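What follows is a set of notes on a single structure, which appears directly below.
Being a predicted model, the structure only gives us computed values, none of them experimental. So that the names make sense, note that chain A is the first sequence line, chain B the second, and so on, each numbered from 1.
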Amino acid sequence: MLQVTVLREQTAHVIEGLNKKNYKNAAEEVAALLELDQQRRQLQSEHDELQGRANSIAKEIGVLMKNGEREKAEASKAETSELKQKTKSLAEQLSTVEDQIQQALYKLPNLPHESVPTGRTAEDNEVVLENGEIPKLFDGAQPHWELIQKYDIIDFELGNKISGAGFPVYKGKGARLQRALINFFLDEAIAAGYMEIQPPILVNEASGFGTGQLPDKEGQMYHATEDNLYLIPTAEVPITNIYRDMILPVAQLPVMNTGHTPCFRREAGSWGADVRGLNRLHQFDKVEIVQITLPEKSYEALEQMSLHIQGLLQKLELPYRVLRLCGGDMGFTSALTYDMEVYSTAQGRWLEVSSASNFETYQANRLKLRYKNESGKTQLLHTLNGSALALPRIVAAILENNQTPDGIDMPKVLHSYLGFDRIS
RNA sequence: AGAGAGUUGGCGGAGUGGUCGAACGCGGCGGUCUUGAAAACCGUUGACUGUAACAGGUCCGGGGGUUCGAAUCCCUCACUCUCUGCCA
């Protein structure tokens, strides 16, 4: 979440940023928040003063009791009762105001980086670059949801039977392709300097708050109510929360972690067009990369992550493009997001396979993730993450783009991982 | 799942109602000594809030209560450990 001091000191900049993110009533809400903040500080200092007096009287009473001056002690006790009442009432008001501020802050999205294009929808995203030839397919080429049936490698019906829609069963070479991709992605990340992590895939409430899934996106996560744990929608949640409530030594930076996990998304309300086959699932696999850096290094890190992701797509020989998301299409917690899209030839459209974001201090503020700068002051770090990569749409694109009338050729880089080079 | 014990500063570990933000040890930092290092000795060493700077306030797992005063007493929740049971 945003820091109150930033709202106070850079009000105009904050409002401008919120507007760019298409946040409604930014000016009014910020003004209301600052008003609350003013009240809070006023109440705080009144409360603290009374509390301070009560504290010193209590100490005096202690001394009087020790000296056996009972009567004086009793007199002082009477004096504090009124103080106590006032303090209590101020404390109540204070906590109400603090709560209001907290709620208001949760509602504010992160501010966009200056390079973020203005815009409202995906139409307004900026295409940063395109790479690779879009292959020409033969007549009768099929979309992946037909190919997976033809070669019997991914089974949605079975998934329906044992779980429900959006939970496919991968079989035979389909399953092996999954495993090969996961290993390939992890090996590449490790070679790039990331440390592999296997985190829990059920997380507690505090972790959900830390990375910003809670409270606003509660409905998107599966919730195990009996134990109040959430199935992770991305490895970002457990891997970033490892560092919750930490003050990291500068020597440990940047933190570079990677991990493969299944991801679970309820996708409530988002079913409709373009969700056939592997395009949108409730459960899918993803390799995630996470970095935690000094503030001045975070954009460099984001570029590095973007290049890493592009390298994967190049090695898989998939045509892709990189988008810089516009203010209206960006995630709530992000300051700058690059989306990587792969061209799905049989569907004739681009599919998002990765998203790399710099959250600057937005998550770190919630996480209390900090470092000590040279003058010994604790300051918030920057957090970043990216998919490297999410499997289902990669699988869809590989199947569609590499199909021949009697089989599907696997990208060369996967051969050693797969143990076969063609699905037929 | 049943029974019991516990949760204190970076770590270990005192503290059971009154100058306790917290003894002591370790670690860290600074200094003396040394050609340098180690050892020894001296000093220092949490976070948040707040202020122009002081001051002040909050924090001993979370929340609530008793009291003039709580790390210390009470309630409640969470978590951890040990034993028993079950199990990959």
Side-chain angles (χ1 to χ4, degrees), chain A residues 1-9 33-34 36-105 198-210 214-215 223-230 238 241-253 255 262 361 363-381:
Chain A
M1 73 195 145
L2 298 178
Q3 297 166 83
V4 184
T5 50
V6 173
L7 295 196
R8 271 206 302 260
E9 287 159 17
L33 231 157
L34 288 177
L36 284 172
D37 178 53
Q38 186 59 42
Q39 273 181 45
R40 197 204 95 235
R41 288 190 291 164
Q42 176 68 33
L43 286 167
Q44 180 79 259
S45 71
E46 283 175 34
H47 170 270
D48 287 357
E49 201 199 317
L50 294 186
Q51 185 68 56
R53 261 197 275 164
N55 285 348
S56 64
I57 292 174
K59 274 181 190 167
E60 283 167 23
I61 292 175
V63 175
L64 292 174
M65 298 291 264
K66 228 173 216 165
N67 298 339
E69 303 185 61
R70 278 204 140 261
E71 277 178 33
K72 279 190 182 172
E74 289 302 325
S76 290
K77 278 191 197 181
E79 188 184 342
T80 53
S81 78
E82 193 191 351
L83 264 182
K84 212 183 148 189
Q85 231 174 358
K86 279 189 193 161
T87 311
K88 197 177 171 191
S89 133
L90 282 170
E92 276 164 15
Q93 291 176 56
L94 189 58
S95 98
T96 306
V97 171
E98 275 173 346
D99 204 53
Q100 287 171 341
I101 290 175
Q102 196 59 237
Q103 294 309 316
L105 280 176
Q198 280 197 18
I201 58 177
L202 280 162
V203 296
N204 58 27
E205 232 175 355
S207 295
F209 273 97
L214 297 174
H223 188 191
T225 51
E226 186 78 10
D227 298 290
N228 198 24
L229 294 171
Y230 293 86
N241 269 284
I242 290 172
Y243 302 92
R244 170 152 47 84
D245 273 320
M246 281 187 139
I247 298 178
L248 296 179
V250 172
Q252 254 183 46
L253 301 170
V255 169
T361 59
Q363 289 182 333
N365 190 213
R366 286 196 182 190
L367 291 161
K368 295 203 178 66
L369 168 51
R370 296 161 296 174
Y371 73 105
K372 273 197 186 359
N373 70 11
E374 281 152 12
S375 51
K377 210 179 160 199
T378 48
Q379 298 203 293
L380 295 171
L381 286 160

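A heavy-atom distance below 4.5 Å is found between the side chains of A/N228 and A/H223. By the 4.5 Å heavy-atom criterion applied to side chains, A/N241 and A/V203 are not counted as neighbours.
Between the CG atom of A/L367 and the CG atom of A/L381 there is a distance of 10.0 Å, given to the nearest 0.5 Å. To the nearest 0.5 Å, the span separating CG on A/D227 from CG on A/L202 amounts to 8.5 Å. Between the CG atom of A/L90 and the NZ atom of A/K88 there is a distance of 12.5 Å, given to the nearest 0.5 Å.
Looking only at atom types and distance, the side chain of A/T96 has no donor-acceptor partner in the side chain of A/D99 under 3.5 Å away. No donor-acceptor contact under 3.5 angstrom links the side chains of A/Q42 and A/Q38, judged on distance only.
If you take atom P in B/G69 and the same atom in B/G57, they sit 15 Å apart, rounded to whole Å. Across B/A78 and B/G64, the matching C1' atoms stand 15 Å from one another, rounded to whole Å. Nucleotides B/U45 and B/U84, compared at atom C1', are 46 Å apart to the nearest Å. Comparing B/G21 with B/U8, their C1' atoms are spaced 11 Å from each other, to the whole Å. One C1' atom belongs to B/C59, the other to B/C42, and the distance between them is 31 Å to the nearest Å. Separating the P atom of B/A39 from that of B/G31 is a span of 16 Å, rounded to the nearest Å. When the C1' atom is compared between B/A14 and B/C79, the two are found 23 Å apart, to the nearest whole Å. As rounded to the nearest Å, B/G17 and B/C60 have C1' atoms that lie 15 Å from one another.
Across all strands shown, B/U82 is found opposite B/A3 as a Watson-Crick or G-U wobble partner, with both distances under 3.5 Å. In this structure B/A71 sits in no base pair that meets the Watson-Crick or G-U test at under 3.5 Å. When both pairing distances are held under 3.5 Å, B/C54 makes no Watson-Crick or G-U pair with any nucleotide shown. The partner of B/C24 is B/G12, by the rule that a Watson-Crick or G-U pair needs both atom distances under 3.5 Å. In this structure, B/C29 forms a base pair with B/G43, meeting either the Watson-Crick or the G-U wobble geometry with both donor-acceptor distances under 3.5 Å.
Atom P of nucleotide B/C48 and atom CD of A/Q102 are separated by 16 Å, given to the nearest angstrom. Remark: P of B/U58 and CD of A/E98 are 13 Å apart, rounded to the nearest angstrom. A straight line from CD of A/E60 to P of B/U19 spans 15 Å, rounded to a whole angstrom. Distance NZ (A/K72) to C1' (B/C68): 17 Å, rounded to an integer number of Å. Summarising the geometry, the separation between CZ on A/R53 and P on B/G56 is reported as 15 Å, rounded to the nearest angstrom. Remark: P of B/C48 and NE2 of A/H47 are 20 Å apart, rounded to the nearest angstrom. Taking atom CD of residue A/E79 and atom P of nucleotide B/G69, one finds them 13 Å apart after rounding to whole Å. Protein atom NZ of A/K88 is 11 Å distant from nucleotide atom C1' of B/G64, rounded to whole Å.
Within the nucleic acid shown, A/K372 comes within 4.0 Å of sugar-phosphate atoms alone, with no base atom in reach, counting heavy atoms only. Residue contacts shown for A/E49 are absent, as no nucleic acid heavy atom lies under 4.0 Å away. Nucleic acid contact class of A/T80 (heavy atoms, under 4.0 Å, all strands): sugar-phosphate only. Within the 4.0 angstrom heavy-atom criterion, base atoms lie near A/I61.
Nearest-nucleotide positions on RNA chain B for A/I247 and A/I57 put A/I247 closer to the 5' end.
Looking at the side chain of A/R370, the nearest of the listed nucleotides B/G57, B/A47, B/C68 is B/A47. Comparing B/A47, B/C68, B/U58 by their closest approach to the side chain of A/M65 singles out B/C68. For A/N55, taking side-chain heavy atoms from C-beta onward, the closest of the listed nucleotides B/C68, B/G57, B/G46 is B/G57. When distances are taken from the side chain of A/A58 to each of B/G18, B/G46, B/U67, the shortest belongs to B/G18.
The phosphate of B/C48 (OP1 or OP2) has a side-chain N or O of A/T378 nearer than 4.0 angstrom.
In this structure, A/Q252 places its CD atom where more than 12 heavy-atom neighbours from other residues, nucleotides or ligands lie under 6.0 Å away. For A/Q102, the CD atom sits in a packed shell: over 12 heavy atoms of surrounding residues, nucleotides or ligands are nearer than 6.0 Å.
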Sub-3.5 Å pairs of nitrogen or oxygen atoms, protein against nucleotides 49-52 of chain B:
residue	atom	partner	partner atom	Å
B/G50	OP1	A/R40	NH2	3.4

